[in-house]
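Quick notes on the structure that follows.
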Amino acid sequence: QLELNPFVIFKMHVNNDTLLFRGSKQQSSPVLTGTSNPNWSEAKELKNTGGWSFKSPTLEPKDKNMKELFIELQVMHQGMGGASYQLGSVRLPIFGTTAVQDPGVPTDINLSDPKQSPFLNVWLPLNTVDADGQRIPNPSGEVHLMILWVPNSQTAASKRLPKTPRGFLHYQLRSKENLSVIREPIYDIEVPKRGY
């Protein structure tokens with residue numbers, strides 16, 4: 001198996017602009033060395049946080065330009081002498097429909113919609129741009145994202161919710177643990193919890 005030194009570059013785009021966060025247009029994860037299956041939650045210094053976290057600037061979803069907001073994650077390999085190249089990328093809309101339509105990526109996400117969950121836990125395929133400028137899925141490679149929308153103005157109910165993606169995941173799992181029957185997500189059927 002090919003061993004890589006992967007790292008991830010995170011950017012947020014609105015129309016043709018890249019948003020600044022703390023004076024920079026991009027954030028980078030630490031480089032993992034010698035792996036074909038990178039997992040930042042297994043890195044010694046990141047075990048307590050459950051992986052690497054990227055943060056956004058303050059966003060106002062009611063701003064009409066924010067409808068076009070999407071995040072971009074570029075998975076990179078750091079080679080000899082610090083030279084790096086892209087292994088694939090994924091773009092994900094945050095506040096509803098946008099012009100971004102990557103293969104295998106949902107377009108109906110609106111994390112600021114109170115009727116939807118503010119938490120997204122999803123695996124997305126990496127894409128590469130071909131010679132014609134079309135984005136095509138890579139033969140292999142996925143990115144696991146956990147995204148949490150925390151509104152600026154919070155209600156009494158939202159103040160009680162967890163403020164980290166990992167905390168929200170545990171919050172959701174705790175509510176399912178109390179059920180005698182759970183819903184199987186692939187076939188959308190109810191199954192007894194015993195055995196899971």
Here the gap from His13 atom NE2 to Ile71 atom CD1, rounded to the nearest 0.5 Å, amounts to 10.0 Å
To the nearest 0.5 Å, atom CD of Gln26 lies from atom CG of Leu19 at 13.5 Å
Minimal heavy-atom distance between Asn138 and Asn127, with the atoms involved, is OD1-C, 3.4 Å
NZ (Lys11) and CD (Glu72) are apart, to the nearest 0.5 Å, by 6.0 Å
Exercise. Answer yes if the ring centres of Trp149 and Phe95 are under 6.0 angstrom apart, and no otherwise.
Key: yes
Taken to the nearest 0.5 Å, the spacing of Ile147 CD1 from Leu92 CG works out to 5.0 Å
Between Pro106 and Leu124, the two heavy atoms sitting closest are CD-CD2, 3.8 Å
Q: For the residue pair His144 and Asn121, confirm or rule out a side-chain donor-acceptor distance under 3.5 Å.
A: yes
(Q) For a quick check under 3.5 Å, do Thr35 and Asn37 share a side-chain donor-acceptor pair by atom type? (A) no
Rounding to 0.5 Å, atoms CE (Met12) and CZ (Phe54) come to a distance of 12.0 Å
Would you say that Gln27 contacts Phe21 through its side chain, given a criterion of any heavy-atom pair below 4.5 Å between the two side chains? yes
Just so I know, are the side chains of Arg166 and Ser53 near enough to count as touching, which here means a heavy-atom distance under 4.5 Å? no
Between Asp130 and Thr128, do the side chains contain an N or O donor and an N or O acceptor separated by less than 3.5 Å? no
